[in-house]
Amino acid sequence: RPLSDLLRPFLNKKIIMVIILSLLITPTNACPSCTGSPTIGSSNLTPLLTVAAFNASKGMATKGYERGLRIARDLAASQTNIGLLTETGTINQQLFNKLLQENNIRYRIYTPTGKAPKSGGGKVAILCSIDIADHIDDNQIAHTKDHRLLHLQIHAPASPTLHIACIYGDAQKNKKTNSQIRKYLQKTSQGNWIVGGDINDIYSTLDTDNPTREIDTKGLATFIQEETPLHDTFRLCHPEMEGYTFTQHPRENDNENDLNPAKSSRIDHLYVTSPTLDHISTMEASIDEEEIHVSTPTSDHKATFLQID
């Protein structure tokens with residue numbers, strides 16, 4: 001069945017979404033046509049579901065959750081249904097949901113165990129539009145012990161379950177790195193999954209402009225691509241396109257800035273499983289052309305989007 005049948009019970013109407021770069025593909029991964037490159041705030045696309053992965057970088061609880069509310073407003077302005085957020089900082093789920101309601105921001109936030117651990121701060125959270133959140137069973141929310149993966153299940157009447165997982169990969173390189181994420185992602189071998197977040201890793205030289213960065217063949221990105229049924233949606237839509245979500249700038253006191261320019265990589269990803277692809281009639285994947293900014297920059301990452309129908 002088309003994905004519209006799978007997801008229509010979640011929504012009362014089609015939602016106008018925002019996407020920056022777009023290519024339409026069929027379930028066979030052919031690219032029949034290309035659209036333009038609208039900027040944030042445009043509304044010329046009408047998919048049924050948009051998912052965004054965004055690294056909040058400096059956390060969301062600053063100044064009484066002011067930064068978190070601004071990020072939620074930015075995602076709402078882009079008509080995002082599901083936001084997979086990483087580096088969120090410690091979030092009191094109950095308090096933040098109350099603030100969302102008081103500010104008329106129609107999202108509900110989910111965090112591991114309701115409140116992120118004090119040690120090390122929060123790592124992941126998921127924002128869902130109210131229409132979708134109404135179909136999430138709180139008793140089925142799961143996460144890894146290290147709080148680097150959060151898993152929700154979306155149920156609609158007479159439709160297969162849609163699994164949503166947000167992951168935050170550890171950039172450290174050792175054989176124990178991301179072991180809990182790797183083990184949990186084995187569950188994606190069955191069912192319809194959308195997985196995304198900050199992987200902190202690259203799979204291809206197309207994913208970086210740093211000529212000295214080597215591909216870690218034992219890294220999380222390689223594991224996901226080669227040992228799970230997950231497909232990189234940006235690379236499905238743009239097989240040869242360079243696109244970066246994170247830029248590492250030289251330190252201000254670095255006297256060798258000319259010799260060490262800013263280096264960019266695509267370390268924020270959105271993946272889907274093959275059964276999910278079978279339900280999709282069209283799909284678009286993109287990277288925001290600009291970093292999301294509010295009164296002060298909210299992150300040194302760019303949001304990446306997946307739009308499906």
ask   = Quick one: does Gln180's side chain have a donor or acceptor within less than 3.5 Å of a partner on Lys145's backbone?
value = yes
message = Run the side-chain contact (heavy atoms from CB on, under 4.5 Å) test against Gln101 and tell me which residues pass, sequence neighbours left out.
response = none
inquiry  = Would the distance check show the side chain of Thr111 and the main-chain N or O of Ala125 forming a donor-acceptor pair, the cut-off being under 3.5 Å?
reply    = no
inquiry  = If the condition is ring-ring contact (aromatic ring centres under 6.0 Å, His included), which residues does Tyr110 pass it with, not counting sequence neighbours?
reply    = none
query = Okay, side chain of Thr88, backbone of Ala56: is any donor-acceptor separation there less than 3.5 Å?
reply = no
query = If two hydrophobic side chains count as joined below 4.5 Å and joins carry through other members, does Leu150 share a cluster with Leu185?
reply = no
ask   = Which residues pass the ring-ring contact (aromatic ring centres under 6.0 Å, His included) test with Phe223, sequence neighbours left out?
value = none
task = Output the rest of the hydrophobic cluster of Ile215: all Ile, Leu, Val, Met, Phe, Trp and Tyr residues reachable through side-chain heavy-atom contacts under 4.5 Å, sorted by chain and number.
result = Ile202, Phe246, Ile267
query = Under the side-chain contact (heavy atoms from CB on, under 4.5 Å) test, which residues partner Glu102, sequence neighbours left out?
reply = Lys98, Leu99
ask   = Which residues pass the side chain to side chain donor-acceptor pair (under 3.5 Å) test with Thr304, sequence neighbours left out?
value = none
query = Can you check whether Ile105's main-chain N or O pairs, donor with acceptor, with Asn103's side chain at less than 3.5 Å?
reply = no
query = Taking only residues at least two apart or on different chains, which pairs with a member in residues 221-235 satisfy salt bridge (Lys or Arg N to Asp or Glu O under 4.0 Å)?
reply = Asp207-Arg235, Asp232-Arg266
message = Can you list everything that forms a ring-ring contact (aromatic ring centres under 6.0 Å, His included) with His163? Sequence neighbours excluded, please.
response = His151, Trp193
ask   = Under the 3.5 angstrom rule, does the side chain of His231 hit a backbone N or O of Val272 as a donor-acceptor pair?
value = no
ask   = Does any N or O in the side chain of Thr161 come within less than 3.5 Å of the main-chain N or O of Gln153, such that one atom is a donor and the other an acceptor?
value = no
message = Restricting to side chain to side chain donor-acceptor pair (under 3.5 Å), what partner residues turn up for Ser265, sequence neighbours left out?
response = Thr208, Arg213
note = Result for side-chain contact (heavy atoms from CB on, under 4.5 Å) between Leu127 and one of Ile82, Asn81, Leu75, Thr80 points to Leu75
remark   = Contacts of Asp134 meeting salt bridge (Lys or Arg N to Asp or Glu O under 4.0 Å) (sequence neighbours excluded), chain-then-number -> Arg108
inquiry  = Tell me whether the rings of His269 and Tyr271 are parallel (<30°), tilted (30 to 60°) or perpendicular (>60°).
reply    = parallel
ask   = Would a distance-only check, ignoring hydrogens and angles, find a side-chain to backbone donor-acceptor pair under 3.5 Å from Thr217 to Thr222?
value = no
note = Asp201 meets the side chain to side chain donor-acceptor pair (under 3.5 Å) criterion, sequence neighbours left out, with none
ask   = Can you list the residues that meet the ring-ring contact (aromatic ring centres under 6.0 Å, His included) rule with Tyr107, with sequence neighbours excluded?
value = none
inquiry  = Given His301, which partner from the list Thr245, Asp288, Asp268 fulfils the side chain to side chain donor-acceptor pair (under 3.5 Å) test?
reply    = Asp268
request  = Determine yes or no for a side-chain-to-main-chain donor-acceptor pair under 3.5 angstrom, with Thr233 supplying the side chain and Leu270 the backbone.
outcome  = yes
